[in-house]
Number of protein chains: 2
Amino acid sequence: MNQAQVFKALGDPARLTMISRLTTAEPQTIGELSADLGMSRQGARKQLKVLESAQLIQLRQKGRQTEVSLAVDQLQQARRFIERLEQQWDQRLHALKTLVEGHQPDD
Amino acid sequence: MNQAQVFKALGDPARLTMISRLTTAEPQTIGELSADLGMSRQGARKQLKVLESAQLIQLRQKGRQTEVSLAVDQLQQARRFIERLEQQWDQRLHALKTLVEGHQPDD
DNA sequence: GCTTTATGCAACTTTTAGGTTGCATATTAT
DNA sequence: ATAATATGCAACCTAAAAGTTGCATAAAGC
């Protein structure tokens, strides 16, 4: 799984709305999730496919309807990715600070 | 600042590379950051503009060159956004679990 | 069996993104 | 002064994304 792809999938208001809805109630059917997004059912369906390819959701056939559930793992990985960036960034700052202090022993 | 816009900005390999580079060395000039991305300087410049509109980086003119630095705040907000989603999700699971246990007092 | 519901898929249009080339310009170095 | 460097901006091209409409179909309800 490509990290950029996951962020890209999250980078759309409609898709972010659907993800957010899934955190509060789950599973939901494709029909439920596709309502009130200001677009056609088929339009929403396309966005769900994007989320599915990014492995942010899972689909499961249930009779004539399809249940959608959140794949929290992928969300977690996205968060951790950002976390690592933040860590790298401030590790560098600390290293820099130590270096500077080393050159000025009397603080 | 729009949350989807930030994720969208992160949702491209070249842009993610630039952000990542900035966590390890900063500030860098536009020229430095634009090298080795497999695209022209002007192409890279466009991507930097995307990152700037998403407020993930800041530009600062310095003579004939421009320094680019990371705006960690925005990264932090993105991470927190995902964190909140994860929290909502597992708060719901706990609520559900409690509810179920309430109905089956003898576990 | 007939109808309604919940979907799927393909073709098409329009908008946005990603990237290029070409040229202009201000700053620094010689 | 001239040349080299570090940029900027606009026009253009191509490809991908976002969304639509129209039609097909399997499952459920009556």
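The chains referred to below are lettered A, B, ... by the order of the sequence lines, with proteins before strands, and numbering in each begins at 1. Note that these values count all heavy atoms, side chains included, but never hydrogens, waters or copies made by symmetry.
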Between A/Lys62 and A/Gly38, which has a closest nucleotide on DNA chain D that is more 5'?
A/Gly38
Measuring to OP1 and OP2 of C/dG19, would you say a side-chain N or O of B/Arg45 lies under 4.0 angstrom away?
no
Side-chain donor/acceptor contact of A/Arg41 with base of C/dG8 under 3.5 Å
yes
Any side-chain N or O of A/Lys8 below 4.0 angstrom from OP1/OP2 of D/dA17?
yes
Picking from D/dA18, C/dG18, D/dA17, which would you name as closest to the side chain of B/Asp12?
C/dG18
Quickly work out the B/Gln61 CD to D/dT5 C1' distance and round it to whole Å.
13 Å
In whole angstrom, what separates B/Gln65's CD from C/dT27's P?
13 Å
To the nearest angstrom, how far is B/Met18 atom CE from C/dG18 atom P?
10 Å
Using whole Å, report how far CE of B/Met39 lies from P of D/dT14.
19 Å
Reading DNA chain D from 5' onward, which residue's closest nucleotide shows up sooner: B/Thr66 or A/Gly43?
B/Thr66
Do the side-chain N and O atoms of B/Gln61 and B/Thr66 include a donor-acceptor pair separated by under 3.5 angstrom?
yes
Options C/dA11, C/dT7, D/dT7, nucleotide nearest the side-chain atoms of A/Ile30
C/dT7
With a 4.5 Å cut-off on side-chain heavy atoms, are A/Gln76 and A/Arg79 touching?
yes
Indicate whether OP1 or OP2 belonging to D/dT7 is found under 4.0 Å from a side-chain N or O atom of B/Thr29.
yes
Just so I know, are the side chains of B/Ile19 and B/Ile57 near enough to count as touching, which here means a heavy-atom distance under 4.5 Å?
yes
Under-3.5 Å donor-acceptor pair between A/Arg64 side chain and C/dT5 base
yes
Given D/dA18, D/dT20, C/dG8, which nucleotide is nearest the side-chain atoms of A/Gln47?
D/dA18
Between B/Lys8 and A/Asp12, is there a side-chain heavy-atom distance shorter than 4.5 Å?
no
If I take atom CG in residue A/Leu48 and atom C1' in nucleotide D/dA17, what distance separates them, rounded to the nearest angstrom?
16 Å
Starting at CG of B/Leu37 and ending at P of C/dA17, how long is that distance when rounded to a whole Å?
19 Å
Please report the distance, rounded to the nearest Å, between CD in B/Glu52 and P in D/dT7.
14 Å
Taking side chain as C-beta onward, heavy atoms only, is B/Leu10 less than 4.5 Å from B/Leu16?
yes
Atom NZ of A/Lys46 and atom P of D/dT20 are separated, to the nearest Å, by 10 Å
Between the base of C/dG22 and the side chain of B/Gln42, is there a donor-acceptor distance below 3.5 Å?
yes
Return no unless some side-chain N or O of A/Ser40 is found under 4.0 Å from OP1 or OP2 of D/dT20.
yes
Kindly say whether A/Arg21 contributes a backbone atom to a donor-acceptor pair with the side chain of A/Gln28 at under 3.5 angstrom?
yes
Under 4.0 angstrom between A/Lys49 side-chain N/O and C/dC9 OP1 or OP2
yes
